[in-house]
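The model shown is predicted, which means the values in this text are computed figures rather than measured ones. For the single chain, residues carry numbers from 1 onward in sequence order. Just follow the structure's listing: the first ligand is 1, and inside any ligand the first atom is 1.
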Amino acid sequence: MQQVRTTCAYCGVGCGVVATAGAGRSVTIAGDGDHPANRGRLCSKGTHLGETVGLEGRLLHPEVAGKRTTWDKAIRHVARGFARAIADHGPDSVAFYVSGQLLTEDYYVANKLMKGFIGSANIDTNSRLCMSSAVAAHNRAFGEDVVPCTYEDLDEADLIVLVGSNTAWCHPVVYQRIVAARATRGTKVVVIDPRRTETCADADLHLALRPGSDVALMNGLLAHCRKAGLVDEVWCDAHLSVPGDFWAGLEGATLPETARQCDLAEADLAQFYALFAASPRSVTLFSQGINQSVRGTDQGNAIINLHLATGRIGKPGTGPFSITGQPNAMGGREVGGLATTLAAHRDFAEVNRTEVQRFWASPRIAGGPGLKAVDLFRQMREGRIKALWIMATNPAVSMPDAALVREALARCPLVVVSDCIAETDTSRQAQVKLPALAWGEKDGTVTNSDRTISRQRGFLAAPGEARPDWWIVGEVAKAMGWAEHFTYDSAAAIFREHARLSTYRNAGKRLFDIGHLAAISNADYDALEPQRWGGRPFADGRFPAPDGKARLIPVEQRVLDYAPLERWPLTLNTGRYRDQWHTMTRTGLSPRLSQHRREPQVDMHPADAAALDLADGVLARVATPQGESVFRVALNDGQRRGEIFTPIHWTDRQSSGGRTGLLPCGMVDPHSGQPAFKQTPARIEALPIDWHGFAVLRKTPARIPAGYVTRVRVAGGWLIELAGVRDPGPLAETLLPAGDRLDNIDAARGVRRLVLVEGAALVGAVYLTRSGPLPDRDWIVSQLLDCQASPVELLAGRPAKPLPDRGAQVCVCFDVGEKQITAAALAGASTLEAVGAATCAGTNCGSCRPAIARLLEAALTQQAEAAE
Ligand SMILES: Nc1nc2c(c(=O)[nH]1)N[C@H]1C(S)=C(S)[C@@H](COP(=O)(O)OP(=O)(O)OC[C@H]3O[C@@H](n4cnc5c(=O)[nH]c(N)nc54)[C@H](O)[C@@H]3O)O[C@H]1N2
Ligand SMILES: Nc1nc2c(c(=O)[nH]1)N[C@H]1C(S)=C(S)[C@@H](COP(=O)(O)OP(=O)(O)OC[C@H]3O[C@@H](n4cnc5c(=O)[nH]c(N)nc54)[C@H](O)[C@@H]3O)O[C@H]1N2
Ligand code: SF4
Ligand SMILES: [Mo]
């Protein structure tokens, strides 16, 4: 068995992974102790990558119009379709919509084909939904899209401010690094997020600000810094370009006024200001709470202003740190895969167009920026886009106002999808499906949040006819007549060209320059060690703008754009769960990762729920002007009053409800075009249901005739939640194959139970009730793989001898429940380490450590109160 060093498939932390492939695509995963991003650590998602590399549900052959075809025919079909649209309607009538989950080499080839050969800039990426506000803010302030920080800055800072980032769940290994710094050197941590997330478990201060008031907060802090003498005027004069009215614009940002705008206590705000003032080494790490807003770019610049004016940039332990979401969001930016950049950190200025066209030796070059994602789909719905190629993203789920996106796809005469998965909500609307290699099979490079380029290496054989994305794009380019420009025989060849372009006529104008890799041999590329480009940017106080200076950008807190309208009294915030990745095409395959949250929930404050007569655990309909979907109510006093939160992950594949994508409006930031996913006016009401229940099945039918259905993977099969109105009818029978079924009907109590056992193995069990209690799901699930129960026990839904209730699962790696952790704490385990020693919880990947810390604190408080 061969060990291969590669990079995790998921988030922008970019952890190094050591994968060992065994028989039948079995894979053992370990953290790479030599990778600078993680030094051997992995979170729950990385740890369980091995559960997601099976071939179930994979797209293995090209398809045109729902029928399997050869690569040759599929390529010609796509090439002809695009060529015809371009001939009839011009280059701007076609588009690519790509993704931060492509490798740099894939991205490079797609960008070159669209901008240099088709001659349009209509290639945009899901990074538009993710990082584009940060990109715009960097460009405005520095003159180039450069993230000045590295992970080592987190080790060396005295203060880390986490703004709009649920780091504990979304960048868990970075979070563990922050927690370690706090433990070993007393680094202070401040979290700025309207919700109290698990990231707050290790914070010294949490500011639950009013959503969308970050500009006021940062401006208030900057005004305070200036008053406190922290703005070095000499340094500012030398290195910054400061608009004349900049400081005057901050005059109103007093402590009371800022507290009022942010809806925070003055004392808390003052504590934050004091911490910041006292910590010259401070990093402000920001993510989607900042980017995904109608003022995302201004919010990014408010943070950057603060660091520029206080000189906290370019030095160890300092800087504004935009942390990236996807594994190769940064690589995409380096290539220039956004519709608003040309290539290699160049914009569309005449000189750049000329030089890039010369470099590519291309017949044409895009004249200016292309359509940004939201505009692209709007234009498509108006019938103006005639051919679209989607690669490695699922816009029918992840775009705002997803219903509009589905209409747009339906109106587009040619939709091509390259994906690893056969059936996604998006590919269902495609005429052409092209099978791409997946993680573990493909080869290339990715760049993580701190500019470190790492190799992703294949260690599994390519299944079926799946091919690398760069190969697929290259073949289409050849079929369109540009063969000599797309003759790459390997990812390494593309990487060399990309590196050459980064250095071509650069002469220090752009920091992104990896010219030293332009002649890398295939062998050296294969052995490439993780390496960071850019060194320590801005250490000499020079910025990549023509005058060498950075810019302070005046930004004003605009009043919230909408009043809480009578019909939409709530604000909907959306985001991520710890153990799911986006639209669940991969994490959804893992039974272990599916345990943390088995259903899409709507988190709301208990007082809001009480006012609306909503109890914990009921189903509710969340509606916005764009659409509505159903979620399970979860009471959570970490929510602010008036604000609800839903997860982005569920799709039509897994659920009839939980479709968050239908809800957000298509409002975007005016500079970046990034959608405002975090704040949508909404309302919520109970979903009337007459019965509910669940099924545990070895196999799931494709269609389940119930009003509400959610299915998740469990070990050995599926757990399906069900609910509906009137009578379930023959639902139970349709879920179980015919056979020796055991039946229990209690019409008076409205209970229906049906169990099928074959030999000694459980095939499936269905439990429905009008209002009564339901069996313990985990116990029934545990019988799927190893059926110890008798048919009578199964029908009763519990073992004759009752089992201890372990509570909801907290630790995925060792399957430890809430109640076990609380019990350990009450029995004297008063630290995370002691709980780990007693239960194993939290001792592997560590993703659950914030959750354990919270339970520990609750148990210790309970104990202290009991003692009083
Ligand atoms: N488990 C998991 N990890 C992931 C992903 C995943 O799908 N699952 N996806 C990856 C990707 S692509 C991305 S982009 C990142 C995203 O990583 P994050 O940005 O950390 O995640 P989100 O949950 O989208 O949102 C972050 C926080 O912003 C807060 N917020 C909302 N409005 C405001 C506001 O007005 N001001 C402030 N200050 N905060 C606000 C939300 O309450 C939320 O807690 O995660 C990456 N990592
Ligand atoms: N409401 C709301 N919506 C959001 C967000 C939010 O916070 N709130 N966040 C936004 C953000 S930040 C992001 S990044 C997006 C993410 O949204 P998407 O990009 O739509 O989500 P994924 O599920 O990651 O889609 C990736 C697709 O690519 C496929 N795939 C994986 N690897 C490969 C490969 O190597 N090649 C090919 N061809 N295909 C591959 C997968 O099977 C999957 O179908 O969602 C955005 N949408
Ligand atoms: S933090 Fe987790 S998901 Fe992100 S790269 Fe590391 S192991 Fe993968
Ligand atoms: Mo993202």
A.B. asks: Is it the case that Thr585 and Thr583 place a side-chain donor and acceptor less than 3.5 Å from each other?
C.D. replies: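 There is no such pair (donor and acceptor under 3.5 Å, judged by atom type) between the side chains of Thr585 and Thr583.
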
A.B. asks: Quick check: does His649 get an N/O under 3.5 Å from an N/O on ligand 1?
C.D. replies: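 There is no such contact.
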
A.B. asks: Could you label the plane-to-plane angle of the Tyr10 and Trp581 rings as parallel, tilted or perpendicular, counting under 30° as parallel and over 60° as perpendicular?
C.D. replies: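 Tilted.
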
A.B. asks: Is the closest heavy atom of Gln299 to ligand 1 under 4.0 Å?
C.D. replies: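 It does not; every heavy atom stays at 4.0 Å or beyond.
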
A.B. asks: Which residue supplies the protein heavy atom nearest to atom 12 (S) of ligand 1, what is that atom called, and how far is it?
C.D. replies: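 For this ligand atom, the closest protein heavy atom is His582 NE2, 3.0 Å.
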
A.B. asks: Pick whichever of Cys43, Ser287, Gly212 has a heavy atom sitting closest to atom 35 (O) of ligand 1.
C.D. replies: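 The residue whose heavy atom sits nearest atom 35 (O) of ligand 1 is Gly212.
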
A.B. asks: Please find out if atom 2 (Fe) of ligand 3 and some N, O or S atom of Cys43 are separated by less than 2.8 Å.
C.D. replies: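 Checking atom 2 (Fe) of ligand 3 against Cys43, an N, O or S atom does fall under 2.8 Å.
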
A.B. asks: Is it the side chain (CB and beyond), the backbone, both or neither of Trp169 that lies under 4.0 Å from ligand 1, heavy atoms counted?
C.D. replies: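 For Trp169, only backbone atoms sit under 4.0 Å from ligand 1.
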
A.B. asks: Heavy-atom contacts under 4.0 Å between Arg578 and ligand 1: side chain, backbone, both, or neither?
C.D. replies: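 Near ligand 1, Arg578 shows its backbone, while the atoms from C-beta on stay back.
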
A.B. asks: Of all heavy-atom pairs between Trp169 and Lys45, which one has the smallest distance, and what is that distance?
C.D. replies: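 Smallest interatomic distance, heavy atoms only, reads O-NZ, 3.6 Å.
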
A.B. asks: Tell me yes or no: between the side chains of Gln176 and Arg41, is some donor less than 3.5 Å from an acceptor?
C.D. replies: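 On atom types as modelled, these side chains qualify, holding a pair under 3.5 Å.
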
A.B. asks: In terms of atom number and element, which parts of ligand 3 are under 4.0 angstrom from non-hydrogen atoms of Cys15?
C.D. replies: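 Numbered from 1, ligand 3 contributes 1 (S), 5 (S), 6 (Fe), 7 (S).
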
A.B. asks: Tell me the nearest of Asn166, Asp193, Val163 to atom 43 (C) of ligand 1, using heavy-atom distances.
C.D. replies: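 It is Asp193 that holds the nearest heavy atom.
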
A.B. asks: For ligand 3, which atoms, with element, lie under 4.0 Å from some heavy atom of Pro172?
C.D. replies: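 By the 4.0 Å cutoff, the relevant atoms are 1 (S).
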
A.B. asks: Considering the heavy atoms of Tyr10, write down every atom of ligand 3 situated less than 4.0 Å from one of them.
C.D. replies: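 Within the 4.0 Å cut-off of Tyr10, ligand 3 contributes 3 (S).
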
A.B. asks: Within ligand 3, which atoms have a heavy atom of Gly14 less than 4.0 Å away?
C.D. replies: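 Result: 5 (S).
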
A.B. asks: Quick one: which ligand 3 atoms are inside 4.0 Å of a heavy atom on Lys45?
C.D. replies: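 Numbered from 1, ligand 3 contributes 3 (S).
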
A.B. asks: What part of Tyr577 sits under 4.0 Å from ligand 1 if we count only heavy atoms: the side chain, the backbone, both or neither?
C.D. replies: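 Backbone only.
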
A.B. asks: For Cys8, counting its heavy atoms only, list the atoms of ligand 3 lying under 4.0 Å from any of them.
C.D. replies: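 By the 4.0 Å cutoff, the relevant atoms are 3 (S), 5 (S), 7 (S), 8 (Fe).
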
A.B. asks: Ignoring angles and geometry beyond distance, decide whether Ile648 reaches within less than 3.5 Å of ligand 1 through its nitrogen or oxygen atoms.
C.D. replies: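 In fact, backbone or side chain, Ile648 has no N or O that close.
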
A.B. asks: So is Arg195 actually on top of Phe645's ring, under 6.0 Å and inside 45° of the axis?
C.D. replies: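 Flagged: Arg195 positioned over aromatic ring of Phe645.
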
A.B. asks: Using a strict 4.0 Å cut-off to heavy atoms of Val173, name the atoms of ligand 3 that fall inside it.
C.D. replies: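 Every atom of ligand 3 under 4.0 Å from some heavy atom of Val173: 1 (S), 6 (Fe).
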
A.B. asks: Are Met131 and ligand 1 in contact, using a heavy-atom cut-off of under 4.0 Å?
C.D. replies: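 In this structure, Met131 fails to qualify as a contact of ligand 1 - no heavy atom is under 4.0 Å.
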
A.B. asks: To which protein heavy atom is atom 38 (N) of ligand 1 closest, and what is the distance rounded to 0.1 Å?
C.D. replies: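 The answer is Asp214 OD2, 2.8 Å.
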
A.B. asks: CZ/Arg196 to CG/Asn636 distance, rounded to the nearest 0.5 angstrom?
C.D. replies: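 One gets 7.0 Å once the value is rounded to the nearest 0.5 Å.
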
A.B. asks: Could you tell me whether ligand 3 has any atom less than 4.0 Å away from a heavy atom of Asn38?
C.D. replies: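 It does not, in that no heavy atom of Asn38 comes within the 4.0 Å cut-off of ligand 3.
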
A.B. asks: Just jot down the ligand 3 atoms closer than 4.0 angstrom to any heavy atom of Gly46, in number order.
C.D. replies: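 Selected atoms, number and element: 7 (S).
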
A.B. asks: Do any nitrogen or oxygen atoms of Gln292 lie less than 3.5 angstrom from nitrogen or oxygen atoms of ligand 1?
C.D. replies: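 It does not: no N or O of Gln292 is found under 3.5 Å from an N or O of ligand 1.
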
A.B. asks: Using a plain distance cutoff, I'd like to know if Lys45 has any nitrogen or oxygen under 3.5 Å from a nitrogen or oxygen of ligand 1.
C.D. replies: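 Yes, at least one N or O pair falls under 3.5 Å.
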
A.B. asks: Ligand 1 versus Cys11, non-hydrogen atoms closer than 4.0 Å: side chain, backbone, both, neither?
C.D. replies: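 Within the 4.0 Å criterion, Cys11 contacts ligand 1 through side-chain atoms alone.
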
A.B. asks: Nearest non-hydrogen atom to atom 8 (N) of ligand 1 belongs to which of Arg196, Arg576, Gln580, Met218?
C.D. replies: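 The residue whose heavy atom sits nearest atom 8 (N) of ligand 1 is Gln580.
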
A.B. asks: Pick out which of Thr258, Asp263, Leu269, Leu264 makes a side chain to side chain contact (heavy atoms under 4.5 Å, CB included) with Leu209.
C.D. replies: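 Exactly one pass, corresponding to Leu264.
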
